[in-house]
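The first residue in the sequence is number 1, and the count goes up from there.
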Amino acid sequence: MIYSPAEKTIETPRLILRLFTEADAQEVSVLCNNYAIYKSTLSLPYPYTLECALSWISTHQQNFEENRSYEFAITDKQSGQLYGAIGLSNQSQHQRGEIAYWIGEPYWGNGYGTEAAQAMIEFAFQEKQYHRIYARYFHSNPASGKIMEKCGMHYEGTLKDHIYKNGTFEDIVLYGLLNPSH
């Protein structure tokens, strides 16, 4: 993981994580207007319109600069193709943050989520000096949990019937990791 504070980018072997721009909004709306992604995310609207994407992207720069959260576009290092998004909250009082991500369905199964999540963990621990990071996933979306496991995160518990979505209750599975240098 190579972080460039001036550019606000993170480089991995295959990816560039960068801030979203308005130019990404159309592709974001296409990737997110997908029921498979909607049903396994906490707050993504459906249908997902261009206006949703523009509104979401419009908050990123200020959130980053004010250290509230860090939202990155997951893009191909060579082509610039947008694969998805990864974010890290900043809960500075507790020296922790939550990682959340989505990958567009055409790009599932290529390891992009894992590579981006590993980079975000390094960013949280090395650059932001967090003591702890955590992530949650819907029990019905075990692929998200596999990403957490591959990144070295540890299962911490299941919140039974924690979310009510689409007329049904859903378990939320919690993973976490402590900064090994603390």
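Under the 4.5 Å side-chain criterion, counting only non-hydrogen atoms from C-beta, Leu44 is not in contact with Cys52. Proximity of Tyr38 to Asn33: side-chain heavy atoms (C-beta onward) are nowhere separated by under 4.5 Å. Residues Thr9 and Leu17 have side chains not in contact (no heavy-atom distance under 4.5 Å, counting atoms from C-beta outward). Side-chain contact between Phe169 and Ile163: absent, with no pair of heavy atoms (C-beta onward) separated by less than 4.5 Å. For the pair Tyr101/Met120, no side-chain contact is recorded, criterion being any heavy-atom separation below 4.5 Å from C-beta on. Contact of the Leu88 side chain with the Tyr130 side chain is registered, since non-hydrogen atoms from C-beta on lie closer than 4.5 Å. For the pair Ile99 and Met148, the minimum side-chain heavy-atom distance is 4.5 Å or more. Contact annotation: the side chain of Ile74 never approaches that of Tyr107 to less than 4.5 Å [non-hydrogen atoms, C-beta and beyond].
Formation of a donor-acceptor pair under 3.5 Å by the Asn90 side chain with backbone atoms of Asn67 is found in this model. Remark: side-chain polar atoms of Glu115 are paired, donor with acceptor, to backbone N or O of Arg14 under 3.5 angstrom. Side-chain atoms of Lys165 come within 3.5 Å of backbone N or O of Thr41 as a donor-acceptor pair. Judged purely by atom type and a 3.5 angstrom limit, Asn179 has no side-chain atom pairing as donor or acceptor with the backbone of His131. Panel note: side chain Ser29, backbone Gln26; a donor-acceptor pair is recorded below 3.5 Å. With hydrogens and angles disregarded, no donor-acceptor distance shorter than 3.5 Å links the side chain of Glu71 to the backbone of Ala85.
Under a cut-off of 6.0 angstrom, the local environment of CD in Glu65 is crowded, with over 12 non-hydrogen atoms contributed by other residues, nucleotides or ligands. Heavy atoms from other residues, nucleotides or ligands lying under 6.0 Å from NZ of Lys39 number 12 at most.
Defined by atom type and a distance below 3.5 Å, a donor-acceptor pair is missing between the side-chain atoms of Glu11 and Ser4. Side-chain contact check for Tyr3 and Gln126: no donor-acceptor pair (N or O, by modelled atom type) lies under 3.5 Å.
A side-chain hydrogen bond (donor to acceptor under 3.5 Å, both in side chains) with Gln91 is found for exactly one of Arg96, Glu98, Arg132, namely Arg96. Checked options Asn110, Asp76, Thr75; the residue passing with Tyr83 is Asp76 (criterion: side-chain hydrogen bond (donor to acceptor under 3.5 Å, both in side chains)).
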* **Stepwise ring-ring contact (aromatic ring centres under 6.0 Å, His included) test for Phe72 and Phe64** => CA-CA 10 Å; Phe72 291 97; Phe64 198 106; 5.8 Å; yes
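Under the 4.5 Å side-chain heavy-atom criterion for Ile, Leu, Val, Met, Phe, Trp and Tyr, Leu177 and Tyr134 are members of distinct hydrophobic clusters.
Taking the six-membered ring for Trp and thresholds of 30 and 60 degrees, Tyr175 and Tyr155 have ring planes more than 60 degrees apart, a perpendicular arrangement.
Nearest approach of Glu170 to His139, heavy atoms of both residues: OE2-N, 3.5 Å.
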